[in-house]
Amino acid sequence: MRAAGRAAWARVWDRVAASDPGLLRLTAGLRTVASIALTLAVLSLLDASVPHLVAGAMSAMVSTFAIREKQRAQQALTLALGLPVALTSVSLSALLNSRVVAGDVFFVLLIFGAVYSRRFGDRGTALGLIGFQIYFLSLFIGATVSALPRLYGVIGVAFVCSALVRFALVPETPTGTLDRLRRAFRARFAQLVTAQLALLDAGPDDMEKALTDVREGTARLHETALLIQGRLEDGTSDETVARLVQRRIADAEVAAERLGLLLLTARSAERGHTLTLHLPGAPVPAGDLLTGRDETTDTLRRDLEALRLLVLRPSGSDAGTALAHVRNRLLGYREEENLPPASDAVQDVFRGIGEAGRAVLGLRIAVDGPQDESEDTPATTRSREELDAEDVAIAGSEEAEDAERTGLRRPTTRAAVQVAVGSSLAIVGGEFLSSQRWYWAVLTCWIVFLNTSSTGEILVKGYRRLLGTVLGVVAGIGLAGLVGHHTWTAFALVLLFIFAMFYTAPLSYTLMSFFVTAMLGLLYTLLHTYSASVLVLRVEETALGAACGVVAAALVLPVHTDRRTNELLGTVLARLTDVTEAAVDQLSGGAAAELLDKARDLDQALADLSASTQPLTHPITPLRARRDTARYVVALLETCAYHARYLAATAELLPTHPSIAADPRLREAGRRIVHNIGVIGAHVADGDEDGAGGIETGPSIASLLRPGTPGTPRYGRVTDRVLRHLQRLDEAVVGLARPLDVPVAVPAK
C-alpha cells in the first residue's frame with residue numbers, strides 16, 4: 001500500500017516537474033508569498049497600521065522578484081545594495097510629493113535610469129526595478145515626510161524577511177535548480193515517448209491529435225534543454241562537467257526527435273518530413289503501413305514502453321536483471337541484433353529506439369555517475385566504451401562575443417528614451433483622468449516596455465494587459481463585496497493572487513494582469529479607498545498607459561516588427577551557417593570545432609526569433625497571410641536546426657566512435673547548403689535579389705557522392721544517415737526561398 005502511494009506520488013511529481021521545468025515558477029511563487037507572509041507576521045507583531053502592512057507586503061514582493069542572479073553571494077550583494085536604493089527612492093518620493101512639476105520630472109528621470117541600468121546586467125536591472133517600484137509604492141500609499149521613519153523600518157523589515165526566506169526558508173542554489181531541470185527533462189522525455197506510443201496506436205481519426213501531441217512534446221523537450229543549457233556553468237562543478245551534461249542533453253534531444261520522425265515515416269505510406277513535427281496544423285501524412293497489428297507491431301509497442309521505463313527509472317534503481325535485460329535488448333538494436341523481420345522503415349524505428357536507449361544511458365552516467373555493469377551484454381559494453389571515449393575527448397573553450405552596439409543603437413538606451421517619452425505622455429494624460437491615480441498609466445507604460453524589443457511586441461503586450469485588467473476589475477468588484485473589511489481574509493487572498501501571478505506569468509501575460517488587478521482591488525479595500533469607480537479608473541489609466549507606450553515606441557527611435565524579425569532571422573541564418581559548415585567540415589576530415597556551443601547559440605537565436613514573431617502570429621492579427629508565412633518560416637528553421645543539431649552531434653562522435661569515419665566527399669555535399677543559407681541571409685539583410693546569385697538547386701545530396709561510380713567506395717550506415725540529414729537540411733533551406741521571396745537560380749543544362 002505504501003509502495004503504491006509512493007509510486008502514485010512519483011507520477012504526480014513527474015507531471016508537475018514536466019509542466020514547470022526546474023520548478024522555477026513554483027519556487028518563485030512560494031518564495032515571494034513566503035517573504036510577504038513573514039513580513040506581514042513581523043509587522044503585525046509590531047502593531048503596524050494597515051497602510052504600513054500594505055507597504056511592507058509590496059516591498060517584500062519587490063525585493064524578492066527583482067533579484068535574478070544565480071549565485072547566492074551575488075544575490076546577497078544585490079539585496080544589500082537594494083535597501084539603500086529603496087530608502088532613497090521613498091525619501092525622494094515623499095519630499096517631492098507636494099511639488100508636482102519637480103516630482104513628475106524626477107519620476108521620468110528615474111524611469112529612464114531604471115531602464116538604462118539594464119545594460120549593467122542582472123544587478124543593474126534589479127536595482128533599477130527596486131528604485132522604480134518603491135517610488136511607485138510611496139505614491140500608492142501616499143507617503144509623507146513625517147511618515148518616513150516608520151516607512152524606513154517597514155522597508156527594512158521587508159528586505160530582512162526577503163533575505164531570510166531566500167537564503168534559509170526557500171533556498172535556491174544553481175546546483176539544486178539544475179538537478180530539478182534534469183528531472184524535468186527526464187519527465188518530458190518520458191511524456192514525449194508516451195505521445196509517440198499514442199502515435200503508433202492512433203487510428204485514422206486520431207492521427208491528427210496524436211501528431212499534435214508529439215509536436216508539442218518535442219517542443220517542450222527542446223524548451224527544457226534550453227533552460228538546462230542556460231544554467232550549466234553555474235550549476236556544475238567545472239566546465240568539463242558542464243560540457244559533458246550539455247553533450248548528453250543534446251544527444252537525448254536529437255535521439256527523441258529522430259525517433260518521432262522515424263515513427264511518422266513508419267506509419268505513413270509517404271516519407272515523413274521533419275517539417276511536419278514543427279509546423280502547427282501541418283497535414284497528416286497520407287496512408288498507413290501499420291494498419292494491421294502483428295507481432296512486429298506488438299514488439300515495437302513493448303520496446304517503446306521499455307524505453308519510457310528506462311527514462312523514468314529513478315537513480316539508484318539499477319539493481320536486478322529485469323531492467324538490465326530491457327536496457328541490453330534496446331541497446332542491441334544499435335548493433336543490428338535481434339531486429340525483427342519488417343520493412344526498412346519499421347526496422348529504422350527499432351534502431352532509433354536503440355539510439356534513444358544509448359542517449360538515456362549516457363545522460364544517466366553523466367548525471368549520476370558510474371552504473372552497475374554486472375549484467376552488460378557485449379552491445380551494452382560497446383555503448384559504454386563509446387560514451388567513455390567521448391567523455392575523455394570533451395574539452396572546453398570560449399568564443400569571442402559579438403561587438404556591442406553603442407549610443408542610441410544600444411537596445412537599453414533606445415528603450416530608456418522611449419519609455420521616458422511614453423511615461424511623460426502618460427503623466428500628462430493620467431493627470432487629466434485623475435490627479436490622484438495618474439501613476440497607474442505610468443506603471444502600465446513602464447511594464448509594456450519590459451522584455452519587449454519592437455513596436456508590435458509592445459502593442460500585443462499592451463492589449464494583453466488591458467484585457468487582463470478588465471477581467472480583473474470584474475473579479476475585484478466581486479471580491480471586495482465578499483471580503484468587506486476582513487483584513488486578514490483579504491491579505492490571505494492577496495497572497496493567493498500573488499502566487500498565482502508569479503506562477504502564471506511565463507504562461508499568460510493576460511492571466512498575470514488579471515491576478516494583479518484583482519489583488520489591487522483587495523488592497524484598495526484594505527486601505528479604505530475602494531469603490532467601483534476606482535477600479536474603472538484603473539481600466540482607463542491602463543488603456544491610456546498602453547496607448548502612450550505604443551505611441552512612444554512607434555514615433556521615438558522605432559524598431560518595427562519587420563526590422564526586428566529580419567535582424568533576428570539574419571542571426572539565425574548566421575548561426576545555422578556556423579553549425580552546418582563546422583559539422584560538415586569535421587565530418588569530412590577537417591579540424592575539430594566547438595560544435596555544441598555553436599548548436600546552443602543556434603537554438604537560442606531561434607528561440608529569440610520565435611518570440612519576436614508573436615505580433616505576427618497572434619490570433620488577433622488581421623494579416624492572415626503574414627501570420628501563416630511567419631509560422632511556416634519558423635517551422636522550416638526549426639527543421640533546419642534539428643538536422644544541424646544531428647550533424648553536430650554526429651561530428652562530435654567522429655574522434656571516438658569506431659563506426660564513424662571521415663568522408664571527404666561530404667564537403668562538396670555541404671557546400672551547396674552553406675551557399676544557399678548565405679544567399680538567403682544576404683537577401684534578408686539587404687533585399688539584394690541579384691548580388692548573391694540566387695539559390696542553387698540540382699541533384700540530390702546523396703547523388704553528389706555518386707556511390708555507384710567505379711572505384712568509389714560505398715558509404716556505411718552512419719554516413720548514409722548523415723546524408724539523409726544533409727538532404728533534408730538542403731530541402732528545408734531551399735524551401736525558405738519561396739516565403740522569403742529569394743530568387744532561385746535555374747540549374748545549368
Side-chain donor or acceptor of E69 paired with backbone N/O of Q75 under 3.5 Å:
no
Is there a donor-acceptor contact under 3.5 Å from the side chain of S89 to the main chain of G131?
yes
Are any of the side-chain nitrogens in R166 or E172 under 4.0 Å away from the carboxylate oxygens of its partner?
no
If we count only N and O atoms by modelled type, under 3.5 Å, do the side chains of T565 and T613 hold a donor and an acceptor together?
no
Would you check if the distance from the ring center of F106 to the ring center of Y135 is below 6.0 Å?
yes
How far apart are the closest heavy atoms of L181 and T224, and which atoms are they?
O-CG2, 3.8 Å
Whether the R464 and T510 side chains hold a donor-acceptor pair (N or O, under 3.5 Å, no angle test) is what I'd like checked.
no
Tell me, please, which residues at least two apart from D179 pass salt bridge (Lys or Arg N to Asp or Glu O under 4.0 Å).
R182, R183
Step by step, would you call V33 with F502 a side-chain contact (heavy atoms from CB on, under 4.5 Å)?
CA-CA 10 Å; V33 168; F502 279 93; over 6 Å; no
Quick check on the 6.0 Å ring-centre criterion: do F107 and F132 meet it?
yes
Would you say the rings of W440 and F136 are close, in the sense that their centroids are separated by under 6.0 Å?
yes
Please tell me whether T64 and T32 have a donor and an acceptor in their side chains that are separated by less than 3.5 angstrom.
no
